[in-house]
Each structure stands twice: as C-alpha cells, then as structure tokens.
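Structure first, then comments.
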Amino acid sequence: MNPTNPKITEAANFLRERIKKEPLIGMITGTGLAQLTDTMDIDQTIPYEQIPYFPKSTVAGHAGILLSGSIAGKSIVAMQGRFHIYEGYTVREITFPVRVMASLGVKYLFISSAAGGLNPDFKPGELMLVTDHINLTGNNPLIGRNSEESGLAFIDMTSAYNKDLIALAREKAVEEGITLNQGVYVGITGPSLETPAETRFLRSIGSDAVGMSTVNEVIEAVYSGLKVLTIVVITNTNLPDCMKATSIEEVIANARKASPSLTRLLTKIIKDLEK
Ligand code: HPA
C-alpha cells in the first residue's frame with residue numbers, strides 16, 4: 001500500500017546492494033535489548049548513519065546499527081535501536097525504517113521494547129505479549145497519507161497484532177517455561193515518566209503496560225501489510241499506590257535481565273514461522 005517515495009527507494013536500494021538475501025523478518029530491538037540479535041548469523045553490520053535518510057539514535061541503550069543475517073535459516077534484518085518522539089523526531093522519521101523494511105520485502109515485523117507495568121500482577125523482568133494498543137502519542141504516521149497515490153489510510157486495526165503470531169508465541173512460551181503475560185500497551189511520548197494521577201488514568205482506560213515507542217511503528221507496519229508481533233519487557237512497576245522513582249538505569253538493567261528469555265522465545269517462534 002505504500003507509495004514509491006524516493007527516499008525510501010534510495011534507502012532500500014542501498015541496503016539491497018549489501019544484504020545477501022531478501023529478508024523475511026524485520027526486527028526492532030528496544031532499550032537494553034540489543035542482545036536479541038546475539039543468536040543471529042550476521043552477514044552485514046550497517047551503522048544507521050551510512051543509510052540514506054535514516055535517522056540517528058541519540059539515546060542510551062540504543063546502538064544505532066542495522067544487522068542483516070538469519071536465525072534458524074530465516075532471513076532477518078534487525079534494527080539495534082529505534083527512534084522516539086521524545087528525541088525530537090517526527091512520527092514520519094520514526095516510522096521511516098519500517099517503510100524501508102517493507103520495501104525490502106519483509107513479511108513479519110517483530111518489535112520489542114521496554115515498558116512500565118501498570119497491571120499489578122506483572123513483575124519487573126517479566127515479558128508481556130502485546131495483544132492490543134492505545135495510541136496516546138497524539139500522533140499517527142498515516143496523517144497526510146490518504147491520497148489516491150498511497151491508498152486509503154483508514155486501515156483496519158482490529159487485528160493489528162497478528163492472531164497466529166500471538167498463538168505461536170503463547171505456545172512457545174509454555175514449551176520453554178517462560179512467563180508470558182499478555183495485555184494492552186499504551187504508547188505515550190515521554191520523556192518524563194508518569195505522575196501517579198497519569199498512571200491511575202492509564203490503568204483505568206484499560207492499559208497493562210506503558211511505554212514511549214511501538215504504537216506508531218505498528219500502525220505503519222499494518223499499513224504496509226506486515227504481520228506484527230510485539231513483546232515488551234516490564235522493566236519497572238508503575239502502580240499509583242506504591243509508586244517509586246524509576247530511573248533509566250533501572251529500565252536498562254531490567255531489560256538486559258529479561259533479554260535471554262526473550263531471545264530464547266523469539267528464536268523458537270522464528271524457527272516455527274511459516275515462510
Ligand atoms: N513509563 C513509560 N515508559 C517506560 C516506562 C514507564 O514506566 N518504563 C519503560 N518505559
């Protein structure tokens with residue numbers, strides 16, 4: 001559905017010349033989760049600054065490298081580090097890499113990120129499978145894209161998080177003995193963390209975890225016809241009645257702690273993925 005945009009074409013052509021095999025899976029790894037690519041057989045390591053029109057990562061915990069290679073024989077292009085509204089990027093810049101990955105032929109998009117747990121049952125270091133989201137970023141990458149050229153932007157979001165991938169993730173989590181919570185992710189802009197009143201509000205509207213990314217990338221991916229799987233790491237609890245100060249160091253440390261189980265889970269999912 002994406003129109004041919006010269007910047008996307010140029011970035012995709014640059015990568016196509018370097019990547020050996022058309023990627024089946026696109027992956028975006030968030031705060032402290034760069035280890036997700038440890039099990040990958042890597043062909044190419046490409047810093048974002050070399051890719052035409054790619055934004056640059058400016059945040060701690062985000063490497064700013066694009067890797068191509070494979071896991072369990074499935075070809076992957078993986079972003080170590082993503083872009084956020086709170087860095088000053090526009091929503092179009094944040095979702096540019098998703099459009100490039102779609103242009104490269106990716107069919108699946110796997111997203112991981114750090115999130116604060118709003119659901120009192122979740123513990124820091126646990127994973128949450130995202131089954132739905134609430135976009136409170138006040139933004140949408142499809143604004144201004146509803147034209148004859150690009151197709152209708154009123155895309156259906158009732159199954160943005162692919163049901164088959166959700167079922168596969170749950171099955172593999174049980175097999176691997178990994179605790180996999182599930183719930184609704186609410187996306188906000190940050191960078192300030194939530195006040196107790198905001199936390200109460202986010203929980204009351206039906207959210208289980210809160211984070212500063214993911215939702216706009218997912219909208220872009222659905223628009224591009226990609227099958228999306230999102231698993232977030234609960235890096236801290238965010239409960240109004242017992243709220244304690246959260247630091248970026250705590251977020252990164254807990255994300256790193258959860259990284260091995262998330263890596264194991266994703267590897268099993270990828271192994272069983274249909275081509
Ligand atoms: N709030 C918002 N974003 C986050 C949090 C949080 O508590 N933890 C990790 N990302």
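Please read these numbers as outputs of a predicted model, since none were measured by experiment. Any value given below was found using the heavy atoms of this structure, including those in side chains, with hydrogens, waters and symmetry copies removed.
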**Asked** In terms of ring plane angle, is the pair Phe110 and Tyr108 parallel, tilted or perpendicular, where the classes change at 30° and 60°?
**Response** perpendicular

**Prompt:** Which distance, rounded to the nearest 0.5 Å, do you find between the CG of Leu118 and the CD1 of Ile234?
**Reply:** 8.0 Å

**Prompt:** So with a 6.0 Å cut-off around NZ of Lys172, is the heavy-atom count from everything else above 12?
**Reply:** yes

**Request:** Decide yes or no on side-chain contact (heavy atoms from CB on, under 4.5 Å) for Val98 and Ile28, but give the supporting numbers first.
**Result:** CA-CA 9 Å; Val98 176; Ile28 304 175; 4.1 Å; yes

**Message:** Looking at every non-hydrogen atom in both residues, tell me the closest pair between Lys74 and Ile270 and how far apart they are.
**Reply:** NZ-O, 2.9 Å

**Message:** Quick one: does any side-chain atom of Arg99 pair with a main-chain N or O of Ser224 as donor and acceptor, under 3.5 Å?
**Reply:** no

**Item:** Under 3.5 Å: donor-acceptor pair, side chain of Arg264, backbone of Glu176
**Value:** yes

**ILVMFWY cluster, Val91 and Val222 together (side-chain gap under 4.5 Å)** = no

**Prompt:** Would Leu266 and Leu229 count as a side-chain contact (heavy atoms from CB on, under 4.5 Å) if you check the C-alpha gap in whole Å, the side-chain angles of each, and the deciding distance to 0.1 Å?
**Reply:** CA-CA 10 Å; Leu266 283 177; Leu229 175 76; 4.1 Å; yes

**Message:** Could you tell me if Arg18 sits above the aromatic ring of Phe14, with its cationic atom closer than 6.0 Å to the ring centre and no more than 45 degrees from the axis?
**Reply:** yes

Side-chain polar contacts of residues 120-130 - donor-acceptor pairs under 3.5 angstrom, sequence neighbours left out - could you list them?
from   : atom 1 : to     : atom 2 : distance (Å)
Glu126 : OE1    : Lys123 : N      : 3.2
Glu126 : OE1    : Asn181 : ND2    : 2.9

**Request:** Apply side-chain contact (heavy atoms from CB on, under 4.5 Å) to Tyr185 and Ser213, showing your working.
**Result:** CA-CA 10 Å; Tyr185 174 98; Ser213 65; 3.6 Å; yes

**Asked** Rounded to the nearest 0.5 Å, how far does NZ of Lys21 lie from CG of Asp43?
**Response** 9.5 Å

**Asked** With sequence neighbours excluded, what pairs up with Ala12 under the side chain to side chain contact (heavy atoms under 4.5 Å, CB included) test?
**Response** Arg16, Val100, Ser103, Leu104

**Student check: side-chain heavy atoms of Ile269 and Leu265 closer than 4.5 Å** = yes

**Item:** Main-chain N/O of Ser112 paired to Arg82 side chain as donor or acceptor, under 3.5 Å
**Value:** yes

**Request:** First locate atom CZ of Phe201, then atom CG of Leu136, and finally report the distance between them rounded to the nearest 0.5 Å.
**Result:** 5.5 Å

**Asked** Heavy atoms, side chains only, cut-off 4.5 Å: are Val210 and Glu194 in contact?
**Response** yes

**Request:** Give a yes or no answer on whether the side chain of Ser75 reaches the backbone of Ser70 with a donor-acceptor pair at less than 3.5 Å.
**Result:** no

**Whether Lys107 side chain and Gly105 backbone form a donor-acceptor pair below 3.5 Å** = yes

**Asked** If you look at every heavy atom in Glu10 and Pro52, which pair is closest and at what distance?
**Response** OE2-CB, 3.9 Å

**Request:** Might you point out which heavy atoms bring Pro97 and Phe54 nearest each other, and give the distance in Å?
**Result:** CB-CZ, 3.5 Å

**Item:** Any donor-acceptor pair under 3.5 Å from Arg145 side chain to Pro141 backbone
**Value:** yes

**Message:** Could you measure the distance from the CZ atom of Arg200 to the OG1 atom of Thr195? Nearest 0.5 Å is fine.
**Reply:** 8.0 Å

**Item:** Heavy-atom closest pair, residues Ala160 and Val228
**Value:** O-CB, 3.6 Å

**Message:** A side-chain contact here means heavy atoms from C-beta on lying under 4.5 Å apart; do Val218 and Asn135 qualify?
**Reply:** no

**Complete:** One should read off an interatomic distance between Thr267 OG1 and Leu262 CG, to the nearest 0.5 angstrom, of 9.0 Å

**Item:** Backbone N/O of Thr90 and side chain of Glu93: donor-acceptor pair under 3.5 Å
**Value:** yes

**Asked** Heavy atoms, side chains only, cut-off 4.5 Å: are Met27 and Met40 in contact?
**Response** no

**Min side-chain heavy-atom separation Met212-Leu193 under 4.5 Å** = yes

**Asked** Quick check: does any side chain N or O of Thr9 sit under 3.5 Å from a backbone N or O of Asn5, one acting as donor and the other as acceptor?
**Response** yes

**Request:** Please determine if Lys268 and Glu175 form a salt bridge, counting it only when a charged side-chain N lies under 4.0 Å from a carboxylate O.
**Result:** no

**Request:** Determine the minimum heavy-atom distance between Tyr89 and Pro55, stating which atoms define it.
**Result:** CE2-CB, 3.6 Å

**Message:** Could you walk me through whether Lys227 and Leu109 satisfy the side-chain contact (heavy atoms from CB on, under 4.5 Å) test, starting with their C-alpha distance in whole Å, then the side-chain angles of each, then the deciding distance to 0.1 Å, before giving a yes or no?
**Reply:** CA-CA 6 Å; Lys227 293 181 178 170; Leu109 185 65; over 6 Å; no

**Message:** Any side-chain to backbone donor/acceptor pair from Thr131 onto Gly183? Under 3.5 Å, distance only.
**Reply:** yes

**Message:** Quick check: do Leu15 and Val77 have side-chain heavy atoms less than 4.5 Å from each other?
**Reply:** no

**Request:** State, to 0.1 Å, how close Ile65 and Leu67 come at their nearest heavy-atom pair, and which atoms those are.
**Result:** CG2-CD2, 3.8 Å

**Complete:** Interatomic distance, CD1@Ile94 vs CD@Glu220, rounded to 0.5 Å, equals 11.0 Å

**Asked** Any sub-3.5 Å donor-acceptor pair from Tyr48's side-chain atoms to Gly81's backbone N or O?
**Response** yes

